[in-house]
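By convention in this document, chain letters (A, B, ...) are assigned in the order of the sequence lines, proteins followed by strands, and residues within each chain are numbered from 1. Nothing here was measured: the structure is a model prediction, and the numbers come from that model.
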Amino acid sequence: MPTPAILHVDMDAFFASVAQLDHPELAGKPVIVGGHSTQRGVVASASYEARAHGVHSAMPIAQAIALCPHAICVPVAMGRYRQVNRQVRQIWDRFAPVVEPAGLDEAYLDITGTEALLGPPKKVESDLRAAILAETNLSASVGGGTSKLVAKMASRACKPAGVLWIEPGTERQWLQGHDVALMPGIGPVTQKRLRAMGVNTIGDLAGFPTDILASRFGVHGVELQAAACGRDTRAVTPAGLAKSISAEETFDADSSDRDFLHRRMLDLSCEVGYRLRQAGLVAATITAKVRLGRGFETIERSVTLPAATQDDDTICRAAWDRVISAWDRSDAVRLLGVRASNLRPSLQLSLFDPAGGPAGQESRPVDGIPRSLPAGLNEVLDAVRERFGYEAITRGALLKEPRRQSISGD
DNA sequence: TCTGGGGTCCTAGGACCC
DNA sequence: TCTGGGGTCCTAGGACCC
């Protein structure tokens with residue numbers, strides 16, 4: 001067995017860097033990517049110029065502005081990031097036979113056994129960074145080592161615009177001085193429990209009695225400890241089909257207005273339906289999410305449908321039905337969301353197949369093959385969006401409010 | 001000045017079937 | 001009249017990731 005060589009490539013301040021790329025006047029300036037609403041929301045991404053003032057991801061926007069009053073706030077544009085992601089993925093794919101994306105801005109690359117072809121790992125790291133910069137004008141950092149954990153921690157340690165290769169055999173020593181909070185898989189909850197046990201560094205975790213970790217944290221604890229010792233055997237696996245597609249929206253102000261909430265749910269459902277059809281997927285399970293203004297309480301209710309769907313109205317009906325079952329109308333609603341899961345390929349030949357027409361909803365199977373419904377409203381909307389973008393057209397029922405944030409590429 | 005949006009994985013109980 | 005054990009699916013919630 002050859003010694004594993006795994007790289008972790010991580011785009012630097014991805015959303016903020018894309019904003020600076022698309023709007024050259026923002027280059028070199030503190031940029032905060034958040035929502036339209038400066039009242040509610042957190043920082044999704046901050047440029048390094050903004051980070052110099054103490055701004056970081058997940059910080060409330062208002063707090064970020066207080067730290068960096070001259071920062072420029074731009075809205076999140078998921079569609080645009082997905083577009084750039086597709087471009088960057090093509091570069092990643094050239095450098096490794098197996099690539100596992102982890103979100104839009106990072107990926108693991110298994111380059112084991114490619115040394116004869118691509119050169120030593122350190123050179124691959126530099127070449128990959130250079131290729132991304134040359135072809136996209138975006139900066140990335142690349143870390144590497146014998147496992148996913150070491151690769152990821154290395155890319156984090158060399159940010160921004162760095163490369164770092166941890167030599168095989170030195171990983172345990174390199175890891176041990178780091179704080180446990182820096183270890184992927186240890187969030188706020190686990191961190192607090194570990195500190196209460198006197199575990200503060202990765203070295204502490206590596207040396208802690210395994211049986212105690214097992215009794216308190218179960219399998220997860222044992223795996224974390226193995227990783228802390230440099231024993232992380234998780235394989236780099238290529239992305240399969242998506243497991244879920246979701247959309248959610250936090251309102252500028254909490255609302256108990258049933259008509260308003262229903263219209264928002266329809267808009268969210270349309271977005272999820274559109275993305276299902278784009279991906280050629282149907283969903284059997286629909287989950288509605290309701291967050292109350294009171295106490296930030298979050299409720300989820302799901303239903304598995306008799307037939308999988310990619311139809312906007314079917315998704316909306318299922319989701320709204322679940323909202324009604326969970327929502328006490330005396331509570332003002334802060335957020336609504338809808339998620340499609342239990343996904344499978346829709347088996348349609350093409351979105352615009354003139355013969356069968358695209359599938360709206362799986363209906364009764366004929367000879368075991370789901371039959372497509374004839375083209376309807378969804379397909380008319382999709383066809384317009386295909387040419388002019390998602391924002392180009394919307395339902396009359398949704399015209400009462402301004403459109404929510406863009407999912408399109410512009 | 002409270003707390004976005006889009007994901008994955010895990011646990012645990014109950015239904016249901018064999 | 002009392003009550004097995006395994007497997008799978010569904011639902012709700014939680015931790016964690018970027």
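- A salt bridge is defined here as a Lys NZ or Arg NE, NH1 or NH2 lying under 4.0 Å from an Asp or Glu carboxylate O, and A:Lys148 with A:Asp232 fails to meet this definition.
- Under the 4.5 Å side-chain criterion, counting only non-hydrogen atoms from C-beta, A:Arg277 is in contact with A:Asp312.
- Distance CG (A:Asp10) to C1' (C:dC17): 12 Å, rounded to an integer number of Å.
- When rounded to the nearest whole Å, the span between CD1 of A:Ile186 and C1' of C:dG14 equals 17 Å.
- Side chain of A:Arg322 to main chain of A:Thr287: no donor-acceptor pair is present (N/O by atom type, distance under 3.5 Å, no hydrogens or angles).
- In this structure, A:Leu104 atom CG and B:dG5 atom P are separated by 16 Å, rounded to whole Å.
- Two residues, A:Ser57 and A:Ala242, neighbour DNA chain B, and the one matched to the more 5' nucleotide by heavy-atom proximity is A:Ser57.
- Using a 4.0 Å heavy-atom cutoff across all strands shown, A:Lys152 reaches sugar-phosphate atoms only and no base atom.
- Salt bridge absent: A:Arg234 and A:Glu100 never bring a charged side-chain N and a carboxylate O closer than 4.0 Å.
- A:Val303 comes within 4.0 angstrom of sugar-phosphate atoms only, judged by non-hydrogen atoms across all strands, and of no base.
- A:Gly103 comes within 4.0 angstrom of no nucleic acid atom, judged by non-hydrogen atoms across all strands.
- Nearest to the side-chain atoms of A:Thr190 among the listed nucleotides C:dG13, B:dG4, C:dC16 stands C:dC16.
- The side chain of A:Ala62 lies closest to B:dT1 when the candidates are B:dT1, B:dG5, B:dG4.
- Rounding to whole angstrom units, CE of residue A:Met78 and P of C:dC18 are separated by 15 Å.
- Taking atom CD1 of A:Ile245 as the reference point, atom P of B:dG6 lies 11 Å away to the nearest angstrom.
- Look at A:Arg301 and you'll find a side-chain N or O under 4.0 angstrom from OP1 or OP2 of C:dA12.
- A:Arg291 comes within contact range of the sugar-phosphate backbone alone, with a heavy-atom separation under 4.0 Å but no base atom that close.
- Residue A:Asn342 is in sugar-phosphate contact alone, with no base atom involved, counting any heavy-atom pair closer than 4.0 Å across all strands shown.
- Residue A:Leu335 is in sugar-phosphate contact alone, with no base atom involved, counting any heavy-atom pair closer than 4.0 Å across all strands shown.
- Contact between the side-chain N/O atoms of A:Arg322 and the OP1/OP2 oxygens of C:dT11 is not found at any separation under 4.0 Å.
- Using a 4.0 Å heavy-atom cutoff across all strands shown, A:Met59 reaches no nucleic acid atom at all.
- For A:Ser244 and B:dG6, the shortest distance from a side-chain N or O to OP1 or OP2 is not below 4.0 Å.
- Here the P atom of nucleotide C:dG14 and the NE2 atom of A:His220 are 17 Å apart, to the nearest Å.
- Considering only side-chain N and O atoms, A:Thr304 lies under 4.0 angstrom from the phosphate OP1 or OP2 of C:dT11.
- Between A:Arg291 and A:Glu248 no salt bridge is recorded (no basic side-chain N to carboxylate O distance below 4.0 Å).
- Among the heavy atoms of the strands lying under 4.0 Å from A:Arg156 are primed sugar atoms or P, OP1, OP2 only; no base atom is included.
- The residue among A:Ser246 and A:Gly293 whose nearest nucleotide of DNA chain B lies closer to the 5′ end is A:Gly293.
- Residues A:Thr201 and A:Asp204 have side chains in contact (heavy-atom distance under 4.5 Å, counting atoms from C-beta outward).
- Counting non-hydrogen atoms of other residues, nucleotides and ligands closer than 6.0 Å to CZ of A:Arg216 gives a total of 12 or fewer.
- Side-chain proximity of A:Glu248 to the nucleotides B:dG5, B:dG4, B:dT8 is greatest for B:dG5.
- Within 4.0 Å of A:Val42, counting heavy atoms only, lies at least one base atom of the nucleic acid.
- Out of C:dC16, B:dG6, B:dT1, the shortest distance to the side chain of A:Pro188 is found at C:dC16.
- The CD atom of A:Glu300 sits 12 Å away from the C1' atom of B:dG6 (whole-angstrom rounding).
- Nucleotides C:dC18 and B:dC2, compared at atom P, are 27 Å apart to the nearest Å.
- B:dG6 is paired with C:dC17 under the Watson-Crick or G-U wobble criterion, all donor-acceptor distances under 3.5 Å.
- Atom P of C:dT3 sits at a distance of 22 Å from the matching atom of B:dC17, rounded to the whole Å.
- Note on A:Thr250: a side-chain N or O is less than 4.0 Å away from OP1 or OP2 of B:dG5.
- Glycosidic conformation, B:dC2: syn, with the torsion inside 90° of 0.
- The nearest whole Å value for the distance from the CG atom in A:Leu149 to the C1' atom in C:dC17 is 14 Å.
- Phosphate contact (OP1/OP2 of B:dG5, side-chain N/O of A:Arg339, threshold under 4.0 Å): absent.
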